[in-house]
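What follows is one structure encoded as structure tokens, with my remarks underneath.
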Amino acid sequence: IFGGNDSINDKVNDIKKIQYPKKYSQIVEKYSDLYDVDDNLVYAVIRTESHFKPDSKSGAGAKGLMQITPECFEFLQNNIPNDKTKYKESDLYDPEVNIKFGTYFLSYLLDRYDNVEKTAVAAYNAGFGAVDNWLNDPECSLDGKTLSVIVYPETENYVEKVESAKKIYIAAASKLSNHAATAFAFTRSIACRIPTHTDKSVNTSTMLPWSVNGASCKTDKSFIIPL
């Protein structure tokens with residue numbers, strides 16, 4: 001019903017869904033809510049770090065979906081609130097554990113850098129020690145909060161990738177919401193055509209055109225269902 005001339009756009013959107021999936025959505029939503037982090041940012045980091053492969057391991061020893069190093073994992077375990085569980089390094093390959101600690105780390109960095117997201121994302125990649133030094137360098141930061149220069153080319157590229165992926169996730173979520181709203185409006189307008197009684201004397205030919213947008217039900221009054 002809603003395809004028509006939009007079929008090409010739909011195919012493009014389908015490709016983007018494959019390239020930018022939302023795997024492990026229950027886990028991501030659980031911990032993004034718990035640690036107050038935009039779930040689109042979490043998806044973007046996972047995609048950039050591992051392309052949603054839970055067994056990923058980098059040359060530097062970072063493991064799992066959000067590529068957490070053993071040293072960082074130990075730091076996070078010592079700082080994460082309300083969790084005294086003793087985890088093993090191999091637990092980083094568990095999607096729930098990895099997403100939990102990766103999302104908490106993003107939350108920690110966002111708090112550390114006054115919710116300046118690009119600075120936090122840079123620290124996720126380069127480490128907050130390096131980013132702290134950059135922020136204290138007037139050649140890299142004019143205000144001590146935002147980075148005008150990211151010293152490591154790898155980190156600069158990383159930040160661009162994460163922010164670009166996040167924008168795509170946000171756009172996809174917006175389109176999905178719009179489609180859902182259109183479908184709901186269509187359903188409402190269909191409902192407006194259903195008689196509220198069985199009086200055969202009603203002349204259905206008096207019904208006026210109804211709106212697909214569902215803004216109003218312009219039908220014979222005897223057919224109107226209150227919305």
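What you see is a predicted model, and the numbers here were worked out from it, not measured in a lab.
Atom NZ of Lys161 has 12 or fewer heavy atoms from other residues, nucleotides or ligands within 6.0 Å. No more than 12 heavy-atom neighbours from other residues, nucleotides or ligands sit within 6.0 angstrom of CG on Asp36.
Smallest separation of non-hydrogen atoms from Val151 and Pro153: O-CD, 3.3 Å. Closest heavy-atom contact between Lys63 and Lys57: NZ-CE, 4.0 Å. Between Val42 and Ser32, the closest heavy-atom pair is CG2-CB, 4.4 Å. The two residues Val131 and Ala122 have their closest heavy-atom pair at CG2-C, 3.8 Å. Shortest non-hydrogen contact noted between Lys145 and Asp114 is CE-OD2, 3.6 Å. For the residue pair Tyr169 and Pro21, the shortest heavy atom distance occurs at OH-O, 2.6 Å.
For the atom pair CD (Gln67) and CG (Asn125), the distance works out to 10.5 Å, reported to the nearest 0.5 Å. Rounding to the nearest 0.5 Å places CD of Glu49 at 9.0 Å from CD1 of Ile68. Rounding to the nearest 0.5 Å gives a distance of 9.0 Å between CG of Asp55 and CG of Leu65. To the nearest 0.5 angstrom, Phe105 atom CZ is 12.5 Å from Asn98 atom CG. To the nearest 0.5 angstrom, Ile150 atom CD1 is 10.0 Å from Asn157 atom CG. The CG atom of Asp38 lies 11.5 Å from the CG atom of Asn115; values are rounded to the nearest 0.5 Å.
Between Tyr152 and Trp134, the angle of the ring planes goes over 60°, which puts this pair in the perpendicular group of the 30/60° scheme. Note: Phe52 and Tyr43 have tilted aromatic rings, judged against thresholds of 30 and 60 degrees for the angle between ring planes. Using cut-offs of 30° and 60° on the angle between ring planes, the pair Tyr87 and Phe73 is tilted.
For Arg47 (side chain) and Lys166 (main-chain N/O), no donor-acceptor pair under 3.5 Å exists by modelled atom type. A donor-acceptor pair is defined here as one N or O able to donate and one able to accept, closer than 3.5 Å; no such pair exists between the side chain of Thr69 and the backbone of Ala62. Under the 3.5 Å distance criterion, the side-chain polar atoms of Asn79 are matched with a main-chain donor or acceptor of Phe75. No donor-acceptor distance shorter than 3.5 angstrom exists from the side chain of Glu117 to the backbone of Glu163, with no hydrogens or angles considered. Side chain of Ser50 to main chain of Ile46: a donor-acceptor pair is present (N/O by atom type, distance under 3.5 Å, no hydrogens or angles).
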Please assess Leu106 against Tyr31 for the test side-chain contact (heavy atoms from CB on, under 4.5 Å), listing each intermediate value before the final yes or no.
CA-CA 11 Å; Leu106 285 172; Tyr31 291 112; over 6 Å; no
Report the C-alpha separation of Lys100 and Asp83 in whole Å, then their side-chain angles, then the decisive distance to 0.1 Å, and conclude whether the side-chain contact (heavy atoms from CB on, under 4.5 Å) test is met.
CA-CA 11 Å; Lys100 175 179 181 175; Asp83 189 348; 2.4 Å; yes
Verify side-chain contact (heavy atoms from CB on, under 4.5 Å) between Phe101 and Met66, making sure each step is shown before the conclusion.
CA-CA 9 Å; Phe101 280 90; Met66 299 185 75; over 6 Å; no
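Across Thr146, Thr119, Asp132, a single residue satisfies side-chain hydrogen bond (donor to acceptor under 3.5 Å, both in side chains) together with Tyr113, and that is Asp132.
Linking Ile, Leu, Val, Met, Phe, Trp and Tyr whenever their side-chain heavy atoms come within less than 4.5 Å leaves Val121 and Val116 in two separate clusters. Both Leu34 and Val28 are part of a single hydrophobic cluster, where members link through side-chain heavy atoms under 4.5 Å apart. Note on Ile27: it does not cluster hydrophobically with Tyr93, by side-chain heavy-atom contacts below 4.5 Å among ILVMFWY residues.
In this structure, the ring pair (Phe, Tyr, Trp, His ring centres under 6.0 Å) partners of Tyr104, at least two apart in sequence or on a different chain, are Tyr35.
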